[in-house]
Structure formats: C-alpha cells, structure tokens
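Comments concern the structure below.
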Amino acid sequence: MDYTATIFLRQRWTDDRLVFEGSNSITLDPRLVQLLWVPDTYIVDSKRSFLHDVTVDNRLVRLYSNGTVLYAIRITTTVACNMDLTKYPMDRQTCKLQLESWGYTAKDLIYAWMRGNDSVRGMDTLQLAQYTVEKYYTEVTTGKDETGIYPRLTLYFVLKRNIIYFILETYIPSSLLVILSWISFWISQSSVPARTCFGVTTVLAMTTILMGSRSTFPTANCFIKAIDVYLGICFSFVFGALLEYAVTHYCTEKQAALKEREKKITCEEEEDNFVILVNNDAKEKSIHDDKIENNNLKSDTRCHFREKICFWLKIREQINIFFSCFTVKNPEKIDYYSRVVFPLVFLIVNLIYWSYYLYL
C-alpha cells in the first residue's frame with residue numbers, strides 16, 4: 001500500500017530583494033539556503049523521507065539577476081498509496097504524489113506547474129519490476145485543514161501490473177494440475193488404488209500451490225482477490241475429479257448390492273407367504289375347535305391383517321421406486337460423461353473469468 005521513489009524536486013520563485021545587476025546567474029553554496037526564504041513544501045502522505053548527502057548535501061541553489069531563485073534537492077520518500085486489490089494481479093492502481101505548503105495558506109502562496117504535464121520528467125522511461133506506467137497527469141488543487149486552505153500540487157500516475165509473472169508462476173501450474181486430474185477418467189474403475197492415489201496426489205499438489213501462493217501475496221482490505229478466485233476454481237475441479245470417482249465407485253457397489261438384495265427379498269417373500277398361510281390354517285382350526293359362533297369375528301381380523309400386510313408392501317414398493325430415481329443404472333457412463341463435462345465446464349468458467357477481470 002505504498003511506493004518508494006527518488007525525486008529531483010526543483011522549485012523556482014522570484015524574490016525582488018535578490019535582484020542584482022548583470023545577466024548572469026550565480027550558483028550559491030547550499031549552506032547559504034538557510035539565509036534565504038524558501039517555500040515550506042512537504043510531501044503529503046509521506047511515511048518516511050530523507051535527503052541525500054553523499055558526498056555532500058544534494059542541493060542546488062542558483063540565483064538569477066532578476067531575483068529568480070532555483071532551488072533543487074534530491075529526496076527519497078515512501079508515500080502511501082491506497083490500492084484496490086480486488087482484481088489482483090490484473091489490477092490498475094492510481095497513485096499520487098502531493099506537494100503542499102505546510103504553513104502558508106492559499107492567500108500567501110500560490111503553487112503552479114511551470115509546464116503542466118511536461119514539468120514531470122522521467123515517467124516515460126521509468127521501468128518497474130511489476131508495473132508499467134500507463135499514463136500520468138498533473139493537477140493544481142488545494143488542501144483543506146482545520147487551520148486553513150493550503151496550495152497543493154498533485155501528480156497522478158496510473159500503474160498497470162505485469163501479469164506475465166503470475167501466469168508463469170501460478171495460473172499455468174494450477175491449470176495443468178486440473179488437466180492432470182482428468183486423466184483418472186480414463187483409468188479403469190476396478191483400479192481403486194491407482195485412481196485414489198492419483199486423485200489425492202493432485203488435491204495435495206493443488207493445496208500446496210494455494211497455500212504457498214498466499215504467503216507471497218499482499219494482504220488487502222478486501223474479501224477476495226482475482227487470483228484467489230482462480231485458485232479456488234482450480235481446487236474445486238481437482239477435488240471434483242476425486243469426488244467423481246467416489247460417486248462412481250459407490251454407485252457400482254450399490255448396484256451390485258441391490259441385485260443381491262432383490263434375490264434375498266424374493267426368497268423372503270415366498271417364505272413369509274408360506275408362514276402366513278400356515279398361521280392362518282392354525283387359527284382357523286383353533287377357531288372351529290373352540291367356538292363356532294366367533295367365525296365372523298375371526299374372519300374380519302384375518303382380512304384386516306392381510307390389508308395391513310398389503311399396505312406396508314405398497315409403501316416399501318413406493319420407497320424403492322423413489323430411491324431408484326437416484327440410482328445410476330450404468331455407473332460406467334459417469335466416467336464417459338465426465339470426460340466431456342469437466343473440460344467443457346472448465347473452459348466456460350475460464351472464459352467468464354478472464355472476460356470479467358480483463359474487460360469489465
């Protein structure tokens with residue numbers, strides 16, 4: 001959230017008390033600046049600054065015959081620059097360098113750029129490690145404070161981050177890991193150790209990239225950055241490939257167990273029908289032996305018992321029909337569809353991602 005720059009600050013003003021005869025200029029000893037009036041210029045939002053003094057103080061004081069004073073100093077300063085890192089590393093940052101009078105108000109002192117944007121030199125040839133200067137412009141403003149309104153000069157410059165480093169360092173490795181995870185779709189479902197090891201390895205590798213990259217990225221006052229979104233997408237696809245095999249293996253095992261269960265249910269139903277018939281015959285015989293006048297009552301009880309059995313059999317049938325809707329009849333097709341769906345969805349997500357962060 002800041003930048004450090006070395007600045008050659010040149011200030012020029014006219015003091016009628018310093019007019020002398022002739023047309024030449026005089027370069028004074030820098031120590032004589034303490035005997036002259038100079039503007040009390042300071043750098044707004046500066047965190048730390050210092051004047052260069054090797055081998056002597058880097059100051060220049062030049063006096064012209066018409067009373068004009070040229071005062072130049074060499075400063076290295078670190079200035080705060082609030083950045084919006086939501087689109088990091090495809091972001092553009094606008095930073096500014098502000099020069100303001102400390103004690104003289106706008107009624108006492110007027111600041112002006114002598115040649116507008118041409119007053120700033122060196123920005124066109126400036127080379128930075130992560131940024132490119134897209135444009136810069138100057139502005140004359142004022143700063144308001146509790147003690148008054150003070151003159152201010154502002155230099156704005158727009159920095160565009162160079163994304164090529166992040167593409168080689170983060171985007172390409174994470175994308176290759178996603179593509180690598182799709183190889184498991186071509187491995188046989190019966191090769192449980194191979195597919196499980198393959199999926200877990202890609203997930204761990206993606207986790208390593210995710211955690212390692214966050215340690216080098218700057219912290220920001222935002223919820224999430226663009227590169228975090230992409231790494232999260234890649235991690236989701238890698239984890240989804242591992243989860244796909246878990247679903248496929250579960251459906252295969254469930255289908256095999258369902259076939260065995262159907263066989264057992266058929267045998268159990270035949271045994272239950274036989275037991276019901278035997279019990280009913282025993283009840284009918286006992287009824288005839290005990291009391292003949294209760295035949296109608298026992299007959300109603302038997303019908304009611306049969307109705308309950310039919311009712312529960314229908315419920316079980318409806319439950320089986322409901323769960324059959326979520327049962328994959330051919331689990332091998334899951335791998336076949338995944339070979340097409342995963343790459344297609346990943347391509348669509350990439351198109352949306354890059355279109356949003358580069359052009360919106």
Side-chain angles (χ1 to χ4, degrees), residues 1-3 83-93 127-134 158-189 191-249 334-360:
M1 293 294 179
D2 56 35
Y3 66 91
M83 299 181 182
D84 182 11
L85 298 178
T86 304
K87 292 188 176 182
Y88 177 91
M90 292 165 283
D91 55 332
R92 286 178 172 83
Q93 306 298 339
Q127 294 182 354
L128 301 175
Q130 290 191 15
Y131 292 98
T132 300
V133 180
E134 282 195 332
V158 180
L159 302 174
K160 179 184 177 182
R161 197 182 302 272
N162 299 326
I163 194 176
I164 185 66
Y165 167 79
F166 300 94
I167 290 178
L168 297 176
E169 183 74 14
T170 304
Y171 283 96
I172 290 180
S174 57
S175 300
L176 291 178
L177 273 178
V178 174
I179 297 173
L180 188 63
S181 66
W182 299 339
I183 298 178
S184 61
F185 301 151
W186 277 267
I187 300 177
S188 175
Q189 294 182 8
S191 302
V192 178
R195 293 194 63 167
T196 304
C197 182
F198 199 87
V200 172
T201 302
T202 53
V203 170
L204 292 178
M206 192 65 221
T207 304
T208 303
I209 292 179
L210 182 62
M211 300 303 296
S213 61
R214 289 187 63 87
S215 62
T216 58
F217 293 157
T219 57
N221 295 327
C222 60
F223 293 102
I224 195 169
K225 298 184 285 293
I227 199 165
D228 295 331
V229 174
Y230 193 82
L231 291 176
I233 291 172
C234 292
F235 184 83
S236 300
F237 274 90
V238 171
F239 185 76
L242 177 62
L243 193 64
E244 183 269 348
Y245 176 66
V247 174
T248 303
H249 185 70
I334 297 178
D335 282 342
Y336 177 78
Y337 292 136
S338 298
R339 297 170 189 173
V340 179
V341 173
F342 272 75
L344 182 61
V345 174
F346 187 68
L347 179 62
I348 294 174
V349 171
N350 269 271
L351 291 175
I352 296 174
Y353 174 86
W354 292 104
S355 300
Y356 175 79
Y357 284 105
L358 287 179
Y359 302 107
L360 296 181

Item to complete: Apply side-chain contact (heavy atoms from CB on, under 4.5 Å) to the pair Thr132 and Leu159, showing each step before the final yes or no.
Response: CA-CA 6 Å; Thr132 300; Leu159 302 174; over 6 Å; no
Fill in: Worked verdict on Ile227 versus Met90 for side-chain contact (heavy atoms from CB on, under 4.5 Å)
CA-CA 9 Å; Ile227 199 165; Met90 292 165 283; over 6 Å; no
Worksheet item: Do any N or O atoms from the side chain of Thr196 and from the backbone of Pro193 form a donor-acceptor pair under 3.5 angstrom?
Response: no
Response to the item:
So OG1 of Thr208 and CG of Leu204: to nearest 0.5 Å the spacing works out to 6.5 Å
Practice prompt. Taking the side chain as every heavy atom from C-beta outward, state whether Asp335 and Glu244 have any pair of such atoms under 4.5 Å apart.
Written response: yes
Worksheet item: Is there a side-chain contact between Phe346 and Trp182 (heavy atoms, below 4.5 Å)?
Response: yes
Worksheet item: To the nearest 0.5 Å, how far apart are CZ in Phe237 and CG in Leu243?
Response: 13.5 Å
Worksheet item: Counting N and O atoms only, with roles assigned by atom type, does the side chain of Gln93 sit under 3.5 Å from a partner on the main chain of Val158, one being a donor and the other an acceptor?
Response: no
Practice prompt. For the pair Asp84 (side chain) and Thr86 (backbone), establish whether a donor and an acceptor sit closer than 3.5 Å, ignoring hydrogens and angles.
Written response: yes
Item to complete: Working to the nearest 0.5 Å, report the span between CE of Met83 and CG of Asp2.
Response: 7.0 Å
Response to the item:
What one should report as the nearest heavy-atom pair of Cys234 and Met206 is CB-CE, 3.6 Å
Worksheet item: Quick one: does Ile209's side chain get under 4.5 Å of Phe235's, heavy atoms only?
Response: no
Worksheet, complete the sentence: Here the pair of heavy atoms bringing Ile334 nearest to Thr248 is CG2-OG1, 3.3 Å
Practice prompt. Would you name the heavy atoms of Leu231 and Ser174 that are closest together and state the gap between them?
Written response: CD2-CB, 4.0 Å
Item to complete: Verify, without hydrogens or angle tests, whether Arg339 (side chain) and Phe185 (backbone) share a donor-acceptor contact under 3.5 angstrom.
Response: yes
Discussion item. If you apply the rule side-chain contact (heavy atoms from CB on, under 4.5 Å), what do you find for Phe198 with Leu180, and how did you get there?
Written reply: CA-CA 9 Å; Phe198 199 87; Leu180 188 63; 4.0 Å; yes
Worksheet entry | Min side-chain heavy-atom separation Ile187-Tyr245 under 4.5 Å | no
Worksheet entry | Interatomic spacing from CG in Asn162 to CG in Leu128 - rounded to 0.5 Å | 8.5 Å
Worksheet item: According to the interplanar angle, ranging from 0 to 90°, do the rings of Tyr353 and Tyr171 count as parallel (below 30°), tilted (30 to 60°) or perpendicular (above 60°)?
Response: tilted
Item to complete: Side-chain contact test, heavy atoms from C-beta onward, threshold under 4.5 Å: evaluate it for Ser175 versus Tyr230 and give yes or no.
Response: yes
Worksheet item: Side chain of Ser355, backbone of Ile352: donor and acceptor closer than 3.5 Å?
Response: no
Fill in: Pairwise side-chain contact, Thr170 with Tyr165, heavy-atom cut-off 4.5 Å (strictly under)
no
Item to complete: Show your reasoning for whether side-chain contact (heavy atoms from CB on, under 4.5 Å) applies to Arg161 and Phe166.
Response: CA-CA 10 Å; Arg161 197 182 302 272; Phe166 300 94; 3.7 Å; yes
Item to complete: Please identify each residue that fulfils ring-ring contact (aromatic ring centres under 6.0 Å, His included) with Tyr3, with sequence neighbours left out.
Response: Phe157
Worksheet item: Does Thr202 reach the side chain of Leu242, with side-chain heavy atoms less than 4.5 Å apart?
Response: no
Practice prompt. Could you tell me the separation between the CG atom of Leu168 and the CD1 atom of Ile163, rounded to the nearest 0.5 Å?
Written response: 10.5 Å
Discussion item. Under a 3.5 Å distance rule, please check whether Asp91 uses its side chain to pair with a backbone N or O of Lys87 as donor and acceptor.
Written reply: no
